[in-house]
Protein chains: 2
Amino acid sequence: MKISTCKILGFALASVCLSSTLQAQTIQKYVSKNDKQLMEEYIRFLSIPNVSTDTVNIRKNAAFIQEMMERRGIKAELLTGTTAGVTPAVFGEIKTPGATRTIGFYAHYDGQPVNPKQWHAGLEPFKPVLISAPLESGGKIMGPYKSGDAVNPDWRISGRGAADDKAGVMAILNAYEALVKTGQRMKVNIKFLFEGEEEIGSIHLDEIFKKNKAKLQADSWIIIDGPRHVSGRKTIVYGVRGDVNVGLTVYGAKRPLHSGNYGNWAPNPALKLVHLLASMKDDKGQVLIKGFYDDVTPLTDTEKKALAQIPNQDELLKKELGVHTPENQERSLLESIMLPTLNINGAQSANVGPLASNVIPTKAEAVLDLRLVKGNDYKKQVDKVIAHIKSQGYHVVAAEPTEEERSKYPNLIKIEVEHGYNAQRTPMDLPISKSIQAAVQSTTKEPLVLFPSMGGSLPLYLFEEILETKVITVPIVNYDNNQHAENENVKIRYLWEGIETIAAIMLMDRSA
Amino acid sequence: MKISTCKILGFALASVCLSSTLQAQTIQKYVSKNDKQLMEEYIRFLSIPNVSTDTVNIRKNAAFIQEMMERRGIKAELLTGTTAGVTPAVFGEIKTPGATRTIGFYAHYDGQPVNPKQWHAGLEPFKPVLISAPLESGGKIMGPYKSGDAVNPDWRISGRGAADDKAGVMAILNAYEALVKTGQRMKVNIKFLFEGEEEIGSIHLDEIFKKNKAKLQADSWIIIDGPRHVSGRKTIVYGVRGDVNVGLTVYGAKRPLHSGNYGNWAPNPALKLVHLLASMKDDKGQVLIKGFYDDVTPLTDTEKKALAQIPNQDELLKKELGVHTPENQERSLLESIMLPTLNINGAQSANVGPLASNVIPTKAEAVLDLRLVKGNDYKKQVDKVIAHIKSQGYHVVAAEPTEEERSKYPNLIKIEVEHGYNAQRTPMDLPISKSIQAAVQSTTKEPLVLFPSMGGSLPLYLFEEILETKVITVPIVNYDNNQHAENENVKIRYLWEGIETIAAIMLMDRSA
């Protein structure tokens, strides 16, 4: 078994492989023995609401992480930037005598906004409960985890942040603790950084990096975030997409109008918006905005090869997600991820359901998500969208339209561009890239899935640009985790395996 | 003055005209003297929540109306149909010795749904307050009306139902009381009917009519609902449009997906919906559904003439509503009202604003409002919409799609057709049509606005089909009342003038 695992690696790392596998087993035993305590602490962590903008609760999360770190003998410190009063990042560091290299581990403790009404009956964002499987696939709610209960690793924990990304925080700190408690000796210095503003675009991470540059110096930073490949195989990601959100508000009459008295005459902003959105992207999924797919940096040969080796799970995914025909059906999901996107995150005009009434709405809103790949500049990408909107006859306003603007322009739109950032990609054939690959491979018999870039976004360009370091992402959670949405969950087995993966990386002796 | 008023009528009614004008002045004085009591009672009425589906509160409204009637010496009775437990209509009747003719007065006491969050700060649907003018036009909140306060008729009362259509109930009952208190002698029998399910399509009015046909017999029924013409002139409406709502739900993947991990690949139901809606109606406002404008009964010459005489207020409206270019700009608003419509009442997919997150939504919903004119059959009109949706490649499902449906069809839609009804139109040259016209004209120096049909809808075809009677609508409230929407309001002067108008109709001696 061990030999076949190492063969899969495809290059000569047999000795590392054998010893690491032993280490992996040690960690596995440790986790298995301590699973009840690990669960208890994690459930307490998930019970603290962590929506990024909930500044009171977000600090409770930071305090909880500080306690977690100090219980493990890691001196914790809150790092801030130059802007006063913003959510701090939690930092810690472990110096290894004689080590000349340093590896940092990053995760984020904030979560996406929640609309509790959209969660399944019996699930609440901040009251974690166990579920036997995803509820959409017939899973059952097994109730809250009670202290001392046996832990079924095939069950899941439901709650905001359970997967994205408190899982990263818990796995990093428990991997370190497991190494200490099992008496294994690290060969590198280790740094920890837990951010609290990732889900709002890491808007102060640049400040934190600039102000604490020396403290955050490392040969490389490992990002623990995002899901493992849909096949369940362990995964390494060498890049992330950039991201920027664009809010659109199209205006109708100044006041809501009775649809009988004014319908057919007063402009309906929902009708305007559907025409505008339909003009941006065809019904096959191709973006129609001029130059939208320009600027994309072509893949290297290594990246192309890695991409070709990733199992294509599209048919499985289609079945599991209930999708008949994907967008851009001539491209696989993997190919799609290497391109920029335009997604409608949400849209609303007046009300639907029981609150609907016979009105012509005053406005119609949509929020777009633009994902960016290497080569894209987020500001330029947004400019293409704005140019398209103008080409459709819209006048862009900065706020609710004034009387004068209303009298002057037939079509008015407010465009709100949120803070965005560009994509990042670390070459896959750097020594550090290969070392991480070997370490992760040592924990599993299955071949790894190596992504030149993942679909999701993190502002990892900051690591490269400000900290002048390399950055590689090692996702640990199950792919079907409902990340960013209602009923978010993490499969317990993936948490345990995440601890093993991270412990293996911490034991690496080659970090650059 | 009196003579010129009567000249405007264009036919020989001079004697009626002179005496009626005197009567109108008597009522005016009565209202002016009793305005504080009228306000107090109306504010109490508006404070009772009246959303049609709020079955507990809706009955409190019915009880309040019963008390109002009994305070005025009208024996009140709750009428129901054959379905158990539905909201009753409140009925009453006054027999006039020697009268051979009967006129009924109808209004409804239920209101459209409310979303209090959408109301202006300081306004609440069921805590009526006074405002100096519409808040959109710089009006100020003057606070609640306090017992004994002087009444400024240029102010408005804000609250759900203030205009639509508790105003009808209060004006009818106070018109009757004013006649009694000022000792004026009616020549006809009077019936009162106040419905509590109008805003949900009068779904049991047919049952109520069938079960109480004898009781509800009248030579004609006068409907007090809807707004006066935008010019402010008193208005008579000889027809109403029919109406039917159609709810659409388009489906994406079974669970919400991370827009980075699945964007560009997993179908986005919001994108599907915008393409579907855009295919139904072009960006100029023309409905593109096959045969949509067929079946329309052409206007008679009298109707065409009446329409031509209505002042075209489009330029004024455009300015007041902040509209640059109306839909179908080659048609006036008046012409538009004589055609069927397709309006997007509301649309939603996932969330916008602070709740927005980077997801691919699981579904996208829209609610359509189809207004119908004479000649349209509402079921046939809905069938045209459904045929169009199918022609766009959709498979129609009855509920959340099953696994099998998901695997079989690329595009799935749930279509929910609500109870609808057809339009109604009373010929404008019938004797009763002309009598009402004379009565209303007697209360004002301004020429009337006579609509062959109004834009709004009421199930008035039931009066014709079941009660076999004629039906004419006399709207009394200000046009800018935010009917059906947030910040609904009624201008107090319009309530007082409504009482005068109805009193004049009650004094008519020719009812058919």
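On a predicted model such as this, the values are computed, not experimentally measured, just so you know. Letters A, B, ... are given to chains in the order of the sequence lines, protein chains preceding strands, and every chain is numbered from 1. Hydrogens, waters and symmetry mates play no part in the numbers below; they use all other heavy atoms, side chains included.
Taking B:Glu199, B:Glu416, B:Gln329, B:Lys254 one by one and counting their heavy-atom pairs under 4.5 Å with chain A, the maximum is reached by B:Lys254. When the candidates B:Leu277, B:Val287, B:Asp314, B:Asp243 are compared by the number of heavy-atom contacts under 4.5 Å with chain A, B:Asp314 comes out ahead. In terms of heavy-atom pairs under 4.5 angstrom with chain A, the leader among B:Leu271, B:Asn328, B:Leu317, B:Asn487 is B:Leu271. Put simply, of B:Ala350, B:Pro361, B:Pro267, B:Gly285, the one with the most heavy-atom pairs under 4.5 Å next to chain A is B:Pro267. Per-residue counts of heavy-atom pairs under 4.5 Å with chain A were compared for B:Leu368, B:Thr362, B:Asp282; the largest is that of B:Asp282. Your options are B:Ala253, B:Pro401, B:Gly252, and the one with the most heavy-atom pairs under 4.5 Å with chain A is B:Ala253.
Surrounding CD of A:Glu404 are at most 12 heavy atoms belonging to other residues, nucleotides or ligands under 6.0 Å away.
We find the CH2-OG1 distance between A:Trp265 and B:Thr341 to be 15.0 Å, quoted to the nearest 0.5 Å. Rounded to the nearest 0.5 Å, atoms CZ (A:Arg406) and NE2 (B:His324) are 12.0 Å apart. Between the OG atom of B:Ser137 and the CD atom of A:Glu403 there is a distance of 8.0 Å, given to the nearest 0.5 Å. One finds the CG atom of A:Asn261 at 6.0 Å from the CD1 atom of B:Ile337 (value rounded to the nearest 0.5 Å). Rounded to the nearest 0.5 Å, atoms CG (B:Leu257) and CD (A:Gln483) are 10.5 Å apart. With rounding to the nearest 0.5 angstrom, the CG atom of A:Asn245 is 7.5 Å from the OG atom of B:Ser259.
A:Thr325 places no side-chain N or O within donor-acceptor distance of the main-chain N or O of B:Pro410, the cut-off being under 3.5 Å. In this structure a side-chain-to-backbone donor-acceptor pair under 3.5 Å is present from B:His275 to A:Lys281. A:Asn264 places a side-chain N or O within donor-acceptor distance of the main-chain N or O of B:Pro340, the cut-off being under 3.5 Å. Between the side chain of B:Arg371 and the main chain of A:Gly263, no donor-acceptor pair closer than 3.5 Å is present. Although no hydrogens or angles enter the test, the distance criterion places a donor-acceptor pair under 3.5 Å between the side chain of A:Asn268 and the main chain of B:Ile344.
Evaluation of the salt bridge (charged side-chain N to carboxylate O under 4.0 Å, His left out) rule for B:Asp110 yields no partner, not counting sequence neighbours. With sequence neighbours left out, the side-chain contact (heavy atoms from CB on, under 4.5 Å) criterion links A:Asn351 to A:Gln348, A:Leu355, B:Asn115, B:Gln118.
No part of A:Lys272 comes within reach of chain B, as not one of its non-hydrogen atoms sits under 4.5 angstrom from that chain. Only the backbone of A:Ser407 comes within less than 4.5 Å of a heavy atom of chain B; no side-chain atom from C-beta onward does. Proximity to chain B (any heavy atom under 4.5 Å) is shown, for A:Asp480, by both the backbone and the side chain. Both the backbone and the side chain of B:Pro326 come within less than 4.5 Å of a heavy atom of chain A. Contact of A:Val114 with chain B is made through the backbone alone, with heavy-atom distances under 4.5 Å. Contact annotation for A:Thr249: neither backbone nor side-chain heavy atoms come within less than 4.5 Å of a heavy atom of chain B. Within the 4.5 angstrom heavy-atom criterion, only backbone atoms of B:Pro354 (N, CA, C, O) approach chain A. With a threshold of 4.5 angstrom between heavy atoms, A:Ala364 does not approach chain B through any atom at all. Using a 4.5 Å cut-off between heavy atoms, A:Lys318 contacts chain B through both its backbone and its side chain. For A:Pro134, no part sits under 4.5 Å from any heavy atom of chain B, backbone or side chain. B:Ser279 does not touch chain A: none of its heavy atoms, backbone or side chain, sits under 4.5 Å away. Heavy atoms closer than 4.5 Å to chain B are found in both the backbone and the side chain of A:Leu339. Both the backbone and the side chain of A:Tyr262 come within contact range of chain B, with heavy atoms under 4.5 Å apart.
The two residues B:Asn358 and A:Gln112 come nearest to each other via the heavy atoms N-OE1, 3.7 Å. Across all non-hydrogen atoms, the minimal contact from A:Val359 to B:Ala485 is CG1-CB, 4.0 Å. Nearest approach of B:Gly456 to A:His258, heavy atoms of both residues: CA-CE1, 3.7 Å. The nearest pair of heavy atoms linking B:Ala356 to A:Val367 is CB-CG2, 3.9 Å.
By the 4.0 Å N-to-carboxylate-O rule, A:Glu320 lies close enough to B:Arg255 to be salt-bridged with it.
Using a 4.5 Å heavy-atom cutoff, the side chains of A:Ser357 and B:Asn345 are not in contact.
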